[in-house]
There are 2 protein chains.
Amino acid sequence: MKKVLIADDEQDILDILQFNLEAEGYKVETANNGVIAIEKAKLFQPDLIILDVMMPGKTGIEVCSALRLLPSFKSTLIIFLTAMSDDTAEVRGLEIGADDYLKKPIRTKVLMSKVNSLFRRFSKEIDHNINLGELVINRENFSVRYKNEDINLARKEFELLSLLASKPSKVFLRNEILNQIWGTEVIVGDRTIDVHIRKIRQKLNLDCIKTVKGVGYKFEL
Amino acid sequence: MKKVLIADDEQDILDILQFNLEAEGYKVETANNGVIAIEKAKLFQPDLIILDVMMPGKTGIEVCSALRLLPSFKSTLIIFLTAMSDDTAEVRGLEIGADDYLKKPIRTKVLMSKVNSLFRRFSKEIDHNINLGELVINRENFSVRYKNEDINLARKEFELLSLLASKPSKVFLRNEILNQIWGTEVIVGDRTIDVHIRKIRQKLNLDCIKTVKGVGYKFEL
DNA sequence: TAAATATATTATCAAATTGTTAATGCCACT
DNA sequence: AGTGGCATTAACAATTTGATAATATATTTA
């Protein structure tokens with residue numbers, strides 16, 4: 001189920017959007033100012049954030065640029081709600097990296113179709129990102145970042161890590177790993193997995209892959 | 001049958017929710033304040049807890065964080081009922097690890113669909129877990145926790161414990177155990193089981209495996 | 001109560017499993 | 001042809017494990 005965070009200072013708008021989004025099967029959180037929006041975003045890790053530009057305290061634009069600094073929000077979808085006339089907002093929003101705009105007053109149907117189509121368009125990317133606090137794995141770029149540093153993993157290493165990290169603390173049996181990464185056709189030696197695990201542990205320099213002897217490996221922070 | 005605990009200080013709400021949940025086939029217990037909620041939760045070991053945030057004495061949030069400290073409530077589903085406007089409650093709830101929210105006034109249908117979908121989503125996890133008060137056995141993670149401490153069991157030990165614990169107070173014959181864990185092909189000596197039992201008892205440091213002389217073993221807390 | 005039976009405990013050893021390092025072959029790119 | 005990175009493997013080290021034998025203790029039976 002996709003998660004959406006809405007931030008707006010008008011309760012009416014929050015209610016209407018929440019109602020409609022939940023009716024479409026999204027999980028919704030709301031915030032009525034920018035500070036709460038940031039807090040909730042960190043906790044809730046939404047797939048989409050709908051931000052009113054004009055909010056007391058922190059504007060939507062400030063919220064957006066604050067979030068974009070965090071690795072886990074690099075690829076979160078963001079939609080701005082702007083007053084009809086406000087052009088500067090649009091320009092600045094673009095610079096920061098908004099994914100879409102909506103001018104008030106909001107036509108619910110328009111919003112819903114934008115939301116749905118954004119998810120349709122980007123659902124692959126969203127599904128392919130794994131976000132674990134300081135560790136961010138991006139399947140599109142084949143990139144791994146830990147504490148804001150890029151870690152260079154070879155292909156098999158990357159596949160292995162992202163398999164394990166896709167379900168933290170689930171133990172993957174050696175066979176499961178072989179099937180997922182090497183397929184059923186290819187047959188590789190006994191020590192192959194270990195060697196890759198070793199390299200990941202070395203490069204990440206972080207004790208996140210635990211051995212479960214006689215069973216397999218699991219990812220745990 | 002899934003078990004639900006509802007805590008709210010308004011009797012009306014308790015009645016309505018209980019009626020509806022029971023109609024859907026859930027087993028329901030109620031509590032009209034936070035202290036009772038915690039007591040009942042320990043006894044009843046519900047799969048889902050619905051907590052009103054505003055209760056005299058202990059708030060729902062306090063109840064939640066108190067319970068989350070106990071190992072057997074680490075993965076219990078928790079839904080908060082909040083007043084329409086209360087944002088701080090939401091943020092704090094998220095931090096503590098609520099699974100969903102509901103704003104008052106409650107629409108019964110909305111609640112019921114949330115409850116059902118939560119169970120659909122998490123039923124696998126619930127099934128993978130054996131939850132016995134302070135002892136939690138997770139088959140997916142191959143992990144055993146007792147009093148919030150991870151206990152490291154070897155493979156055979158783990159299999160043996162989770163076999164016995166899967167049906168508390170059922171007596172497993174020695175033959176039954178051999179068949180389940182070693183299979184019918186392998187033949188092992190007479191004392192093998194005892195030695196494994198010994199190791200489990202030692203590592204767990206808890207008298208939960210009883211010997212039934214001349215018959216077998218059983219798990220009992 | 002003594003003998004018979006069943007289980008507990010301990011230490012020991014072989015087998016199984018995983019970790020580590022370096023070497024090999026492969027491929028892409030120059 | 002030469003270089004460098006990658007996947008794999010071989011060879012060996014280190015570790016964990018499971019099973020058993022030997023012995024002690026407990027429980028039942030005669």
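Throughout, protein chains are lettered first and strands after them, A, B, ... in sequence-line order, and every chain is numbered starting at 1.
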Query raised in the report: Is there a side-chain contact between A:Ile197 and A:Leu164, using heavy atoms and a 4.5 Å cut-off?
Result: yes
Query raised in the report: Do A:Lys156 and A:Thr192 come close enough that some side-chain heavy atom pair is under 4.5 Å?
Result: no
Requested in this report: Between protein and nucleotides 2-8 of chain C, map the contacts as a letter string: B base, S sugar-phosphate only, - none, heavy atoms under 4.0 Å, written 5' to 3'.
Outcome: ----BBB
**Report entry** Residue pairs, two or more places apart or on separate chains, that pass ring-ring contact (aromatic ring centres under 6.0 Å, His included) and touch residues 165-192 of chain B
**Finding:** B:Trp182-B:His196
Query - Separation between CD1 of A:Ile137 and CG of A:Leu161, rounded to the nearest 0.5 Å - result: 4.0 Å
Query raised in the report: Between A:Thr192 and D:dA7, does any side-chain N or O lie under 4.0 Å from OP1 or OP2?
Result: no
**Report entry** Protein-nucleotide distance (A:Asp190, atom CG; C:dT17, atom C1'), rounded to Å
**Finding:** 9 Å
Query - Atom-to-atom span, CD1 of A:Ile193 to C1' of C:dT17 - whole angstrom - result: 13 Å
Query raised in the report: Just to confirm, is there a sub-4.0 Å distance from OP1 or OP2 of D:dA19 to any side-chain nitrogen or oxygen of B:Trp182?
Result: yes
Requested in this report: Answer yes or no: is there an ion pair linking B:Asp194 with B:Lys213, defined by an N-O contact shorter than 4.0 Å?
Outcome: no
Report task. Calculate the interatomic distance between A:Leu173 atom CG and C:dT17 atom C1'; express it in whole Å. Result -> 15 Å
Query raised in the report: Within a strict 4.5 Å, meaning less than it, do heavy atoms of the A:Phe73 and A:Gln45 side chains meet?
Result: yes
**Report entry** Between D:dG5 (P) and A:Lys203 (NZ): distance, integer Å
**Finding:** 10 Å
Query raised in the report: Which residue pairs pass the ring-ring contact (aromatic ring centres under 6.0 Å, His included) test when at least one of the two sits in residues 132-159 of chain B, sequence neighbours left out?
Result: B:Phe142-B:Phe158
Query raised in the report: Using rotation axes that map the C1' atoms of four end pairs onto the next four (five pairs an end), what angle separates the end axes of the helix from C:dT1-D:dA30 to C:dT30-D:dA1, to 10°?
Result: 30°
Query raised in the report: Can you list, by residue number, the residues of residues 152-170 of chain A that have a non-hydrogen atom closer than 4.0 angstrom to DNA chain C?
Result: none
Query raised in the report: How many angstroms lie between atom CG of A:Leu5 and atom CD1 of A:Ile50, to the nearest 0.5 angstrom?
Result: 9.0 Å
Requested in this report: Decide if atom NZ of B:Lys147 counts as having more than 12 heavy atoms of other residues, nucleotides or ligands within a radius under 6.0 Å.
Outcome: no
**Report entry** Euclidean distance, atom NZ of residue B:Lys199 to atom P of D:dT17 [Å, nearest integer]
**Finding:** 8 Å
**Report entry** Phosphate OP1/OP2 of D:dA19 contacted by B:His196 side-chain N/O (<4.0 Å)
**Finding:** yes
**Report entry** Pairwise side chain to side chain donor-acceptor pair (under 3.5 Å) hits with a residue in residues 197-206 of chain B, at least two apart
**Finding:** B:Glu157-B:Lys203, B:Arg198-B:Gln202, B:Arg201-B:Thr211
**Report entry** Greater than 12 external heavy atoms within 6.0 Å of A:Asp150's CG
**Finding:** yes
